[in-house]
Amino acid sequence: MTQTGVTQPGEDRGTLFILSAPSGAGKTSLVKALLEAMEGVAVSVSHTTRAQRPGEVDGVDYHFVTTEVFQALLGDGAFLESAQVFDNFYGTSEQAVLDQLAAGRDVILEIDWQGAQQVRQRMEGSVSVFILPPSKQALRERLTRRGQDDEQVIERRMRDAEAEISHFAEFDYVVVNDDFDVALGQLQAIVTACRLHIRRQGPALAGLTAELLATD
């Protein structure tokens, strides 16, 4: 990191991808499929104070911590970004992200728009993607089909979805998750395009370009 606290992109570093979406838009499923489809991509495991859901694994889905532990980490400046979503806190370990980027891996952050704003200010070269549902009706159906929340919670999530979606224009890319395979292909295309950027390819192409430009 520089003295200003802003992480500079480097030729041998991975790219930090920020993915945001309203609850129920399918972001988590898309990220899981992306990890299976592409090598060299990792997901940053966030800390959260929310309750662990059935099937979730501590340290894999989230680092589940108490509010007291979270606040202690926050006070120590351990988080790249943090936010309160509904009644719970979420935070991204800055050192964990920096370590993976330095190793050349692309890192995905699944965070809300508030966290995205914080990360964009601190991480130069990050790429942000917003996932939209195809309609309000589809979003409601997905939230209901999950069977994880009662009707009151679903209504609150629908209201919060409008606030989240209102920030979509702040992102570099927008993907509409109507057809899952199409949306996944679009995410793959974004990652591939970033890997083809001259910033990433320059060192690897040094030998080839030197040969091509050499005077016979």
Side-chain angles (χ1 to χ4, degrees), residues 6-10 13-46 48 61-62 79-83 85 90-94 96-98 100-101 103-136 138-139 142-143 146 157 160-201:
V6 177
T7 299
Q8 303 292 333
R13 297 177 64 85
T15 299
L16 179 62
F17 292 92
I18 305 165
L19 265 66
S20 298
S23 180
K27 170 171 54 67
T28 300
S29 296
L30 284 169
V31 169
K32 180 180 179 181
L34 182 68
L35 293 176
E36 295 174 352
M38 302 189 77
E39 296 183 354
V41 182
V43 173
S44 174
V45 180
S46 299
T48 183
D61 297 288
Y62 286 96
F79 295 132
L80 176 62
E81 60 78 33
S82 62
V85 181
Y90 295 79
T92 299
S93 168
E94 180 172 13
V97 170
L98 295 178
Q100 295 201 73
L101 291 175
R105 285 188 289 272
D106 294 319
V107 179
I108 296 176
L109 296 186
E110 297 182 63
I111 53 180
D112 72 342
W113 68 268
Q114 300 172 74
Q117 286 184 338
Q118 295 177 49
V119 175
R120 279 196 297 266
Q121 291 173 357
R122 298 190 55 157
M123 301 289 284
E124 183 179 345
S126 61
V127 176
S128 57
V129 184
F130 198 92
I131 309 297
L132 284 173
S135 67
K136 277 189 176 182
L139 183 62
R142 292 173 183 177
L143 289 171
R146 291 195 311 191
R157 290 189 184 277
D160 289 337
E162 293 185 16
E164 185 86 19
I165 291 171
S166 69
H167 293 272
F168 80 94
E170 299 172 9
F171 289 72
D172 299 313
Y173 298 92
V174 175
V175 172
V176 179
N177 185 17
D178 186 1
D179 183 300
F180 185 86
D181 290 335
V182 171
L184 175 59
Q186 291 172 342
L187 275 181
Q188 289 178 275
I190 293 170
V191 175
T192 299
C194 291
R195 289 178 174 180
L196 293 175
H197 195 281
I198 189 62
R199 176 179 68 84
R200 292 283 295 271
Q201 289 210 93

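We're numbering straight along the sequence, starting at 1. Remember, it's a predicted structure, so these values are computed and weren't measured experimentally.
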Practice prompt. Please report the shortest heavy-atom distance between Glu81 and Ala83, naming the atom on each side.
Written response: OE1-N, 4.3 Å
Discussion item. My understanding is that only residues two or more places apart in sequence, or in another chain, count here; which of them pass side-chain hydrogen bond (donor to acceptor under 3.5 Å, both in side chains) with Glu162?
Written reply: Lys136
Worksheet entry | Heavy-atom check, side chain of Ile190 versus side chain of Val129, under 4.5 Å | yes
Fill in: ring-ring contact (aromatic ring centres under 6.0 Å, His included): pairs with one or both residues in residues 167-189, sequence neighbours excluded
Trp113-His167, Phe130-Phe171
Item to complete: Report yes if some heavy atom in the side chain of Leu98 is under 4.5 Å from a heavy atom in the side chain of Arg13; otherwise report no.
Response: yes
Worksheet item: Any side-chain heavy atom of Val97 within less than 4.5 Å of one from Leu109?
Response: yes
Item to complete: List for me each residue that meets side-chain hydrogen bond (donor to acceptor under 3.5 Å, both in side chains) alongside Gln117, sequence neighbours excluded, and say none if there are none.
Response: Glu170
Worksheet entry | Under the side-chain contact (heavy atoms from CB on, under 4.5 Å) test, residues paired with Ala193 that sit two or more places apart | none
Worksheet item: Which residues pass the side-chain hydrogen bond (donor to acceptor under 3.5 Å, both in side chains) test with Gln118, sequence neighbours left out?
Response: none
Discussion item. My understanding is that only residues two or more places apart in sequence, or in another chain, count here; which of them pass side-chain contact (heavy atoms from CB on, under 4.5 Å) with Thr192?
Written reply: Met38, Leu196
Worksheet entry | Interatomic spacing from CD1 in Ile108 to CD in Gln100 - rounded to 0.5 Å | 10.5 Å
Discussion item. Test of understanding: with side-chain hydrogen bond (donor to acceptor under 3.5 Å, both in side chains), list the residues that count as partners of Asp172, not counting sequence neighbours.
Written reply: Ser128
Cut-off 3.5 Å, no hydrogens considered: what does the side-chain donor-acceptor table look like for residues 15-25, sequence neighbours left out?
residue, atom, partner, partner atom, Å
Thr15, OG1, Arg199, NH2, 3.2
Thr15, OG1, Arg200, NH1, 2.8
Ser20, OG, Ile111, O, 2.6
Ser23, OG, Arg146, NH2, 3.2
Ser23, OG, Arg157, NH1, 3.4

Worksheet item: Below 4.0 angstrom, N of the basic side chain to O of the carboxylate: do Glu94 and Arg122 qualify?
Response: yes
Item to complete: Using modelled atom types only, decide if a donor and an acceptor are shared between the side chain of Ser82 and the backbone of Phe79 within a distance under 3.5 Å.
Response: no
Worksheet, complete the sentence: Applied to residues 179-198, the salt bridge (Lys or Arg N to Asp or Glu O under 4.0 Å) test, sequence neighbours excluded, yields Asp106-Arg195
Worksheet item: If you take all heavy atoms of Pro134 and Arg142, which pair is closest and at what distance?
Response: CD-NH2, 3.6 Å
Worksheet item: Which pairs count as salt bridge (Lys or Arg N to Asp or Glu O under 4.0 Å) when at least one residue sits in residues 17-28, sequence neighbours excluded?
Response: Lys27-Glu110
Discussion item. Could you tell me if the side chain of Arg105 sits less than 4.5 Å from the side chain of Val41, heavy atoms only?
Written reply: no
Worksheet item: Which distance, rounded to the nearest 0.5 Å, do you find between the OG1 of Thr48 and the OH of Tyr62?
Response: 6.0 Å
Discussion item. I'd like to check Leu132 versus Asn177 (side-chain heavy atoms, cut-off strictly below 4.5 Å). Are they in contact?
Written reply: no
Worksheet item: Is the backbone N or O of Ala163 less than 3.5 Å from a side-chain atom of Ser166, with the two atoms forming a donor-acceptor pair by type?
Response: yes
Response to the item:
Rounded to the nearest 0.5 angstrom, the CD1-CG distance for Ile131 and Leu30 is 5.5 Å
Practice prompt. Apply the test side chain to side chain contact (heavy atoms under 4.5 Å, CB included) to residues Leu101 and Met123: give CA-CA distance (whole Å), side-chain angles for both, the deciding distance (0.1 Å), then the verdict.
Written response: CA-CA 11 Å; Leu101 291 175; Met123 301 289 284; 3.6 Å; yes
Discussion item. Would Thr92 and Val45 count as a side chain to side chain contact (heavy atoms under 4.5 Å, CB included) here? Give the steps.
Written reply: CA-CA 7 Å; Thr92 299; Val45 180; over 6 Å; no
